[in-house]
Each structure stands twice: as C-alpha cells, then as structure tokens.
Amino acid sequence: MTGASGGLGSLVLERLAEHQGVWAGSRTPDQLSVNVPTRLVDFDDPASLTKGFEGAEVVLLISAGYAEDDVVIARHGAAIDAAEQAGVGHIVYTSLSAAGDHLAFALAHRWTERRLMAGRTDWTILRNGIYAEMSIPGAAEAAATGRFTGPLGEGRLAAVAREDLADVTAKIVAKPASHGGKIYELVGEHAVGGADIARAVAEATGKDVVYEPGTLAQLREALTTAGVPGWQIPIVVSTYSVIAAGFMAETAGDLADLLGRAPRSALDVIATAVA
C-alpha cells in the first residue's frame, strides 16, 4: 500500500502503521514524520510516480490541490496513469462531497472521479465534506476578540471531523475489496452555522462571543490585502458563498455506517481546539 502525505494523509498513516507493506509517498519524503517507510512521489514528476507506485497493491490518492484546475488535473491524471502502469490493483481517492459541486475547486475532483471510472484499476471514491478543523483559526480569533466573523449569513455546513475521515479511509485502504466501485458521501451528521460556532467558543472559553456576518466583498478585499495567491481567493470566497446560500447543509451520508459509531461533533472539535 502507499499513501500520500499531508494533514489527512498523516492521520491515515498513523492508523495504518502497524500493517505490513505500508509506505508513504511524498515529494519531500525526508521531511515526513511517520512510522512507515517512505518513497519519493512527486505529482509534478511522472517518473517518480511510476517508480514510487512500483509493487503497490493499493494506492491512496489524496487530492493534490493548491493550484489552478489545469495543474491539479494534470497531477491527478499523471498519478492515475502511473498507478495503472505499475499494475496497482485499487485506487482510493479522497474527493469532494456531492453538495460541493458549486465550489470553485470541484471541477478537478469530478474530473478525477471520471478518469478513475474510465480506468483499468478498481477504485473507491471518498467524497469528503469540508473539515470542521477549517473553522478553528476563526474560532481561535473569536476567543481572543469576542467576535466570530465571516460572510456565512444564515447558512449552515455539514462539517466533518478530519479524524473521522482518517478512520474511514484507513479501514477502506486496509481492506478495499468490498468497497470496489463505490462512492461514499462523508459529511457531518449535524449542520452548523456561524452562531453555533460562536456559542461553542463561548461555552469552551467562558467568554462572551457573538457572531457577526460579513460580506463576500469584505472577505475578498481582506484576502487580497493579506497577499493570498490569486488562484486561492476564489476558492475561499466560493466556499463561504456556497455555505451562505445553503448548499452545504446536507447531512445524509455514509459516515456513521462506515465508522460503526456516531461521528465526532464538529462543534466539539472546534471547542476542544480553543478551550
């Protein structure tokens, strides 16, 4: 088995470390802090992909985002091509929840899903919701200032704990046979809004915290002033916009069944981080 590195990847590797034949692939393998062997796997270097996947039965392909769509699509295409050439039997791909089709970064995910379905390997697609952990920086600021801000309006998000996604992913990567050709929706069971997050921070810290919705124009201006890369700004803005418009509140999915237990509460994840 082989897996990509990163936040979710590292959590998955922690869960798979005791399994035989697991290794981690990264463009900077010497910087990985994991208890498994490592290999050079660089999405922008196809030769490294072919060699990196050699001997792998299962590949966990974690989205190589953080770029424009054409770059991400090229990376994912190269990785799948290399996996097929290496004779990999099964690819598990971390995609985006169906509710996220309106998000600015959805296209590369859907392209990758289509490429997998047309390919020569077995596949499993994990359509992950937006992480609860993405709210932690704003929650931490709210704990300090007493204001949780953002252009969320009255929108709600079925945020999911990254630890739960790692639990599910590790289970499937370890025993993928029964999951071949399946698409799983992995979102939180309870949708939360800005006021909920403000209340959770207040309860965790004992401070007065209020929710103050802003505008998308204010967010875009703040991101531009902060020097956020141009390709990233529409991704962030669209995320807030889609949540505010009510498209990310759907809670129906496969998370609890795959976990075999109740999922972690998004608000508990946020409260624990700021307490």
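No experiment lies behind these values; they were computed from the predicted model shown.
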* Would Thr112 and Ile80 count as a side-chain contact (heavy atoms from CB on, under 4.5 Å) if you check the C-alpha gap in whole Å, the side-chain angles of each, and the deciding distance to 0.1 Å? -> CA-CA 9 Å; Thr112 305; Ile80 296 170; 3.9 Å; yes
Rounded distance (nearest 0.5 Å) linking atom [atom1] of [X] with atom [atom2] of [Y]:
| X | Y | atom1 | atom2 | answer |
| --- | --- | --- | --- | --- |
| Asp30 | Leu32 | CG | CG | 8.0 Å |
| Ile233 | Leu223 | CD1 | CG | 5.5 Å |
| Phe53 | Gln85 | CZ | CD | 10.5 Å |
| Leu103 | Ile243 | CG | CD1 | 7.5 Å |
| Met117 | Ile125 | CE | CD1 | 4.0 Å |
| Ile91 | Asp122 | CD1 | CG | 9.5 Å |

If we ignore hydrogens and angles and just use 3.5 Å, is the side chain of [X] paired with the main-chain N or O of [Y] as donor and acceptor?
| X | Y | result |
| --- | --- | --- |
| Asp254 | Leu186 | no |
| Glu68 | Asp70 | no |
| Gln31 | Thr28 | no |

With a 4.5 Å heavy-atom cut-off, do [X] and [Y] have their side chains touching?
| X | Y | result |
| --- | --- | --- |
| Tyr93 | His76 | yes |
| Arg115 | Asp81 | yes |
| Leu152 | Tyr211 | yes |
| Val168 | Leu255 | yes |
| Arg110 | Asp101 | yes |
| Val209 | Arg147 | no |
| Leu165 | Val160 | yes |
| Tyr240 | Val236 | yes |

* Say whether His179 and Thr124, considering side chains only, have a donor N or O and an acceptor N or O under 3.5 Å apart. => no
* Asked: Asp164 pairs by salt bridge (charged side-chain N to carboxylate O under 4.0 Å, His left out) with which of Arg264, Arg15, Lys171?
  -> Arg264
* To do: Answer yes when Lys51 and Asp42 have at least one side-chain N-carboxylate O distance shorter than 4.0 Å, and no when they do not.
  => no
* **Sidechain N-carboxylate O distance under 4.0 Å for Glu113, Arg127** => yes
* To do: Start with the C-alpha gap between Val269 and Glu133, add the side-chain angles, then the distance that decides, and say whether side-chain contact (heavy atoms from CB on, under 4.5 Å) holds.
  => CA-CA 7 Å; Val269 170; Glu133 287 80 0; 3.6 Å; yes
* Asked: Taking all non-hydrogen atoms of both residues, which atom of Met248 and which atom of Ala99 are closest, and how far apart?
  -> SD-O, 3.3 Å
* Going through the distances and angles, do Ile183 and Trp123 end up as a side-chain contact (heavy atoms from CB on, under 4.5 Å)? -> CA-CA 9 Å; Ile183 299 175; Trp123 52 265; 3.8 Å; yes
